[in-house]
K.L.:
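Pasting in a structure now, in structure tokens, and then I'll have a few things to ask.
Atoms considered below: every heavy atom in the structure, side chains included; atoms not considered: hydrogens, waters and symmetry mates.
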Amino acid sequence: QVQLVESGGGLVQPGGSLRLSCVASGNIVTVYDMGWYRQAPGKQRELVAIIRIRGDSDYADSVKGRFTMSRELAKNTATLEMNSLKPEDTAVYYCNAAVVTTTNQYANEFWGRGTQVTVSS
């Protein structure tokens, strides 16, 4: 129905940078909110950043000033630029989107499979 595919994860040293990308595809009518979440081992999944269809965004306090999220409405894509990475940023990062499809007039939430980000020296 709707697929979210993340890319760009990997291993980086503390202080380094990574860029994550997410592409939404399928029988999409409208993508509303798009967000990035992360889940570290033994911890709950948490919101990292979100951009709403209106263009406003929110960031977790722990990443403000270091991470920047952007999206292209026409292409149903989102990116997460991560700078000054810290070991505590290590987690699986998931793309999330609220999507209206051709078979459901109400927005449903979809998740990608995740991409691993490891920050270590």
Side-chain angles (χ1 to χ4, degrees):
Q1 195 174 15
V2 174
Q3 297 80 40
L4 300 181
V5 179
E6 304 99 336
S7 62
L11 172 64
V12 64
Q13 291 187 341
S17 299
L18 280 176
R19 184 174 186 265
L20 305 183
S21 297
C22 173
V23 180
S25 63
N27 53 335
I28 295 170
V29 174
T30 305
V31 178
Y32 286 90
D33 300 352
M34 285 192 81
W36 288 96
Y37 290 72
R38 66 186 180 186
Q39 187 166 19
K43 295 188 176 182
Q44 289 194 336
R45 192 172 295 188
E46 62 174 359
L47 175 67
V48 176
I50 187 169
I51 295 183
R52 301 173 184 83
I53 194 169
R54 301 184 305 265
D56 56 313
S57 60
D58 283 312
Y59 293 86
D61 288 343
S62 59
V63 307
K64 283 180 181 177
R66 300 188 298 122
F67 290 12
T68 302
M69 182 177 176
S70 60
R71 64 182 288 188
E72 289 191 57
L73 290 173
K75 296 182 178 180
N76 293 326
T77 60
T79 60
L80 185 67
E81 299 278 357
M82 305 186 295
N83 298 311
S84 303
L85 282 160
K86 304 175 181 179
E88 50 264 43
D89 294 318
T90 296
V92 178
Y93 284 70
Y94 297 90
C95 181
N96 171 274
V99 182
V100 172
T101 66
T102 57
T103 57
N104 191 339
Q105 63 178 317
Y106 301 105
N108 280 337
E109 198 172 31
F110 294 90
W111 292 90
R113 302 181 99 173
T115 184
Q116 176 70 46
V117 171
T118 303
V119 184
S120 175
S121 55

K.L.:
Quick check for you: to the nearest 0.5 Å, what is the distance between Leu80 atom CG and Thr115 atom OG1?
P.N.:
11.0 Å

K.L.:
Determine, using the 4.5 Å side-chain heavy-atom cutoff (strictly less than), whether Ile50 and Phe110 are members of one ILVMFWY cluster.
P.N.:
no

K.L.:
Quick check: does any side chain N or O of Thr79 sit under 3.5 Å from a backbone N or O of Ser21, one acting as donor and the other as acceptor?
P.N.:
no

K.L.:
Roughly how far, to the nearest 0.5 Å, is the OG1 atom of Thr118 from the CG atom of Asp89?
P.N.:
11.0 Å

K.L.:
If Ile, Leu, Val, Met, Phe, Trp and Tyr residues are connected whenever their side-chain heavy atoms lie under 4.5 Å apart, and connections chain through other members, are Leu73 and Val29 in the same group?
P.N.:
yes

K.L.:
Tyr93 and side-chain contact (heavy atoms from CB on, under 4.5 Å): which partner among Met82, Gln116, Glu6?
P.N.:
Met82

K.L.:
Between Val48 and Met69, is any pair of side-chain heavy atoms under 4.5 Å apart?
P.N.:
no

K.L.:
Quick one: are Tyr37 and Val92 in side-chain contact, heavy atoms under 4.5 Å?
P.N.:
no

K.L.:
Report the distance from atom SG of Cys95 to atom CZ of Arg71, rounding to the nearest 0.5 Å.
P.N.:
9.5 Å

K.L.:
Roughly how far, to the nearest 0.5 Å, is the OH atom of Tyr59 from the CG atom of Leu47?
P.N.:
10.5 Å

K.L.:
Would you say the side chain of Met34 lies within less than 4.5 Å of the side chain of Cys22, judging by non-hydrogen atoms?
P.N.:
yes

K.L.:
Between Val2 and Asn27, is there a side-chain heavy-atom distance shorter than 4.5 Å?
P.N.:
yes

K.L.:
Would you kindly confirm whether Val23 and Leu20 end up in one hydrophobic cluster when ILVMFWY residues are joined by side chain heavy atoms under 4.5 Å apart?
P.N.:
no

K.L.:
Could you give the distance from CD (Gln105) to OG1 (Thr30), rounded to the nearest 0.5 Å?
P.N.:
12.0 Å

K.L.:
Can you say whether the rings of Tyr94 and Trp111 are parallel (under 30°), tilted (30 to 60°) or perpendicular (over 60°)?
P.N.:
perpendicular

K.L.:
First locate atom CG of Leu85, then atom CD of Gln13, and finally report the distance between them rounded to the nearest 0.5 Å.
P.N.:
11.5 Å

